[in-house]
Participant: 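Let me begin by handing over the structure; questions about it come next.
Per chain, numbering begins at 1; letters A, B, ... match sequence-line order. Atoms considered below: every heavy atom in the structure, side chains included; atoms not considered: hydrogens, waters and symmetry mates. Given the structure is predicted, the values throughout are model-derived calculations rather than measurements.
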Amino acid sequence: MKIRTRYAPSPTGKMHVGNLRTALYEYLIAKHEGGDFLLRIEDTDRERFVEGATDLIYRTLKETGLVHDEGPDKEGDCGPYVQSERVKAGIYQKYAEELIAKKEAYYCFCTQERLESLKQKIDDKEIMVYDKHCLSLSEEEVQEKLAAGVPHVIRQNNPTEGKTVFRDELYGDIEVDNAELDDMILIKSDGYPTYNFANVVDDHLMGITHVVRGNEYISSTPKYNRLYEAFGWDIPVYIHCPLITDEEHHKLSKRSGHSSFEDLIEQGFVTEAVVNFVALLGWSPEGNNEILSLTDLVENFDYHRISKSPAVFDFQKLKWMNGEYLKAMDESSFYEKAKDYIFETLPDIDEDKAKKISAMVKSRIEIWPDIPEMISFFAKLDDYDNALYTHKKMKTDESTALAVLKEILPFLETLENYSNDALYEKISAWISEHGYKNGYVLWPLRIALSGKATTPCGATEIMEILGRDETLARIGKGVLLLGG
RNA sequence: GGCCCCGUGGUCAAGCGGUCAAGACACCACCCUUUCACGGUGGUAACAUGGGUUCGAUUCCCGUCGGGGUCACCA
């Protein structure tokens, strides 16, 4: 049988990395087996609906490469693919009534106040279990209230005795007492279905074979199974993924600052790295290679290897991985992205030099915004500490630095060609003529030129970027600062 | 609190009765080097705990402890 999976987000804002992972896994499971991946918009919550969020979903899926085979913008045989449109078509109401006829569901006219009174507080958490109050209403009473237009919902009628068992591909069989199953609402008073109901109906109608979702749904799964059974429908394969947590082992929330795909892109991560990283949050490939493109993932993804325990979102590792992707980029596409950051920091630089800086920085950054801080010294020499001249391995200190800088300055003044290669050749020759070691001279030079202990390149490369005048000026200033 | 799930280094994570308990990030050291980085080599570091079962448990079972999830007219 052909595998069909679906990503079913509700358009309420940015794309949480947990949702991105769910979408990814759904996509991978389907594509690994040559199946279909569908997109269904679950906009049944009119209060949380955010204008534009649907577009964001399309954009994100497109950018990450999770291309769907059917969806609102790509009609298949199971449309419409937007739940609010399916509500208009009367789909959910029809199935809910079928359940009522089978005594598997019932109308409930309880008021908000009565429901409130059912709530109890345990460990400062509010818990409410519906007491089946309206189940005892007679047929006449129900018809009367319906005719009178009394606000109502439709509830699932769950048994209070016995057990329900369901199977998850990862967790195995899970058995729950039916007493734990409350009569959840299927159709809300505004006529819209709840997620719980719409999901089951649509998954069946759309022929979904594998349902991937977060761990938090595991406790409501037996209720879904009762729905499938009441209808006489086949139950899909369930795959509940482990939770993604922050460093404190708490559910990843907006507070962490990197909980959504959009946040991460904004922070300077590349899409491919984020997708790669998210795939590894709770799943591991068979081999030792962790750098995997979407194509690699499709090829290697085996959902049986999804882990059962929660995964911490390791921001440090994401950064490392992003760095790997940046290093693997070719020179020109790296430059295309890097140039904005370079020109933002060094507005007056010419393109040739910008390209050189881009190449320097490529193997040294993890995310794009690392660039400005790394290269800002080209534009302006900040105050620095003369202690930087002291370097044990180079055998340098302030006094040797002063001597060397004073000695080499006149020589540098005689040089005309300030290209890196020419400079390095001439200076190297000068160094050996004077019987010095490279570092003995180049270290102080680099400090005077940059005022920094670490730079994205060596002394002569800095000189090339700065040009003759600025080079001489900075070295002169260094000599002055050293008391010469 | 009821119910459910989980428990291998700081983090992710292989393992699926017998291993010197992989690998990755981070960290440390060394090499390379015009600093840093990259790259290379090596290193520190783990089976929560108590009982079983077994010739033998990280692996299977039970308890304990710890963590998480869920109990909405949200998904």
Participant: Applying side-chain contact (heavy atoms from CB on, under 4.5 Å), name anything that partners A/Ser260, two or more places apart in sequence or on another chain.
Facilitator: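 Partners of A/Ser260 by the side-chain contact (heavy atoms from CB on, under 4.5 Å) criterion, ordered by chain and then number, come out as A/Lys14, A/Glu262, A/Asp263.
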Participant: Distance check, C1' atoms only: B/A13 and B/U58, in whole angstrom units.
Facilitator: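 Straight-line distance between the two C1' atoms is 14 Å.
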Participant: Give a yes/no verdict on a cation-pi contact between A/Lys452 and A/Phe377, requiring under 6.0 Å between NZ or CZ and the six-membered ring centre and an angle within 45° of the axis.
Facilitator: no
Participant: Tell me, which of residues 454-466 of chain A have any heavy atom that sits under 4.0 Å from an atom in RNA chain B?
Facilitator: A/Thr454, A/Thr455, A/Pro456, A/Cys457, A/Gly458, A/Ala459, A/Thr460
Participant: Tabulate below the donor-acceptor pairs under 3.5 Å that side-chain atoms of residues 170-182 of chain A make, not counting sequence neighbours, or state none.
Facilitator:
from     : atom 1 : to       : atom 2 : distance (Å)
A/Tyr171 : OH     : A/Asn215 : ND2    : 2.8
A/Tyr171 : OH     : A/Lys308 : O      : 3.0
A/Asp173 : OD1    : A/Arg167 : NH1    : 3.1
A/Asp177 : OD1    : A/Lys163 : NZ     : 2.6
A/Asn178 : OD1    : A/Thr164 : N      : 3.3
A/Asn178 : OD1    : A/Thr164 : OG1    : 2.4
A/Asn178 : ND2    : A/Glu161 : O      : 2.8
A/Asp182 : OD1    : A/Lys223 : NZ     : 2.9

Participant: Does some side-chain heavy atom of A/Ile375 sit less than 4.5 Å from a side-chain heavy atom of A/Tyr341?
Facilitator: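 No, every pair of side-chain atoms sits at 4.5 Å or beyond.
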Participant: Where do N or O atoms of nucleotides 41-45 of chain B meet protein N or O atoms at under 3.5 Å, pair by pair?
Facilitator:
none

Participant: Going by modelled atom types, is there a donor-acceptor pair between the base of B/U33 and the side chain of A/Lys393 at under 3.5 Å?
Facilitator: yes
Participant: Using a 4.0 Å cut-off on heavy atoms, which residues in residues 420-438 of chain A reach RNA chain B? List them by number, or say none.
Facilitator: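 Contacts with RNA chain B under 4.0 Å: A/Asn420, A/Tyr424.
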Participant: When you compare the protein's N or O atoms with those of nucleotides 71-74 of chain B, which come within less than 3.5 Å of each other, and at what distance?
Facilitator:
from  : atom 1 : to       : atom 2 : distance (Å)
B/A72 : OP2    : A/Met128 : N      : 2.7
B/A72 : OP2    : A/Met128 : O      : 2.7
B/C73 : O2     : A/Ser189 : N      : 2.8
B/C73 : O2     : A/Ser189 : OG     : 2.7
B/C73 : N3     : A/Ser189 : OG     : 2.9
B/C74 : OP2    : A/Lys188 : NZ     : 2.9
B/C74 : O3'    : A/Asp45  : OD2    : 3.4
B/C74 : O2'    : A/Asp45  : OD2    : 3.0
B/C74 : O2'    : A/Arg48  : NE     : 3.2
B/C74 : O2'    : A/Arg48  : NH2    : 3.0

Participant: Suppose you measure atom P in B/G69 against the same atom in B/C12; what distance do you get, rounded to whole Å?
Facilitator: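 After rounding to an integer number of Å, I get 15 Å for this pair.
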Participant: Mind checking what makes side-chain contact (heavy atoms from CB on, under 4.5 Å) contact with A/Lys119, not counting sequence neighbours?
Facilitator: A/Glu116, A/Glu126, A/Met128
Participant: Using atom C1' of each nucleotide, how far apart are B/G9 and B/G23 to the nearest Å?
Facilitator: 13 Å
Participant: Side chains of residues 235-247 of chain A: which donor-acceptor pairs under 3.5 Å do they make with residues two or more places apart or in other chains?
Facilitator:
from     : atom 1 : to       : atom 2 : distance (Å)
A/Tyr238 : OH     : A/Asn225 : OD1    : 2.8
A/His240 : ND1    : A/Asp168 : OD1    : 2.7
A/His240 : NE2    : A/Arg213 : NH1    : 3.3
A/His240 : NE2    : A/Thr221 : OG1    : 3.2
A/Asp246 : OD1    : A/Glu248 : N      : 2.8
A/Asp246 : OD1    : A/His249 : N      : 3.1
A/Asp246 : OD1    : A/His250 : N      : 3.0

Participant: Whether A/His250 contacts B/G68 is assessed here as follows: a side-chain N or O lying under 4.0 Å from the phosphate OP1 or OP2. Is that the case?
Facilitator: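 Yes, within the criterion.
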Participant: Taking B/A45 as the reference, what is the distance to B/C3 when you measure between their C1' atoms (whole Å, please)?
Facilitator: 38 Å
Participant: Are A/Leu99 and A/Ile154 packed together at the side-chain level, in the sense that at least one heavy-atom pair is separated by less than 4.5 angstrom?
Facilitator: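 Counting from C-beta outward, A/Leu99 and A/Ile154 never come under 4.5 Å.
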Participant: When the P atoms of B/A29 and B/G66 are compared, how many Å lie between them, rounded to an integer?
Facilitator: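 The answer is 39 Å between these two P atoms.
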Participant: Minimum heavy-atom separation for A/Ile431 and A/Leu442, please, with both atom names.
Facilitator: CD1-CG, 4.2 Å
Participant: Could you encode protein contacts along nucleotides 7-16 of chain B as a string, one character per nucleotide from 5' to 3', using B for base contact, S for sugar-phosphate-only contact and - for no contact, with a heavy-atom cut-off of under 4.0 Å?
Facilitator: S---BSSSS-
Participant: List the atom pairs, donor and acceptor, that lie under 3.5 Å between side-chain atoms in residues 353-363 of chain A and the rest of the protein, sequence neighbours left out.
Facilitator:
from     : atom 1 : to       : atom 2 : distance (Å)
A/Lys353 : NZ     : A/Glu464 : O      : 3.4
A/Lys353 : NZ     : A/Ile465 : O      : 3.0
A/Lys356 : NZ     : A/Glu464 : OE2    : 3.0
A/Lys362 : NZ     : A/Lys327 : O      : 3.1
A/Lys362 : NZ     : A/Met329 : O      : 2.8

Participant: Can you tell me which stems RNA chain B forms when a stem means 3 or more consecutive Watson-Crick or G-U pairs under 3.5 Å?
Facilitator: B:1-7 with B:65-71, B:10-12 with B:23-25, B:27-31 with B:39-43, B:48-52 with B:60-64
Participant: Both A/Ala8 and A/His391 contact RNA chain B. Taking the nearest nucleotide for each, which residue is further toward the 5' end?
Facilitator: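 Looking at the nearest nucleotide for each, A/His391 comes out on the 5' side.
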Participant: Of all residues at least two apart in sequence or in a different chain, which pass the salt bridge (Lys or Arg N to Asp or Glu O under 4.0 Å) check with A/Arg446?
Facilitator: none
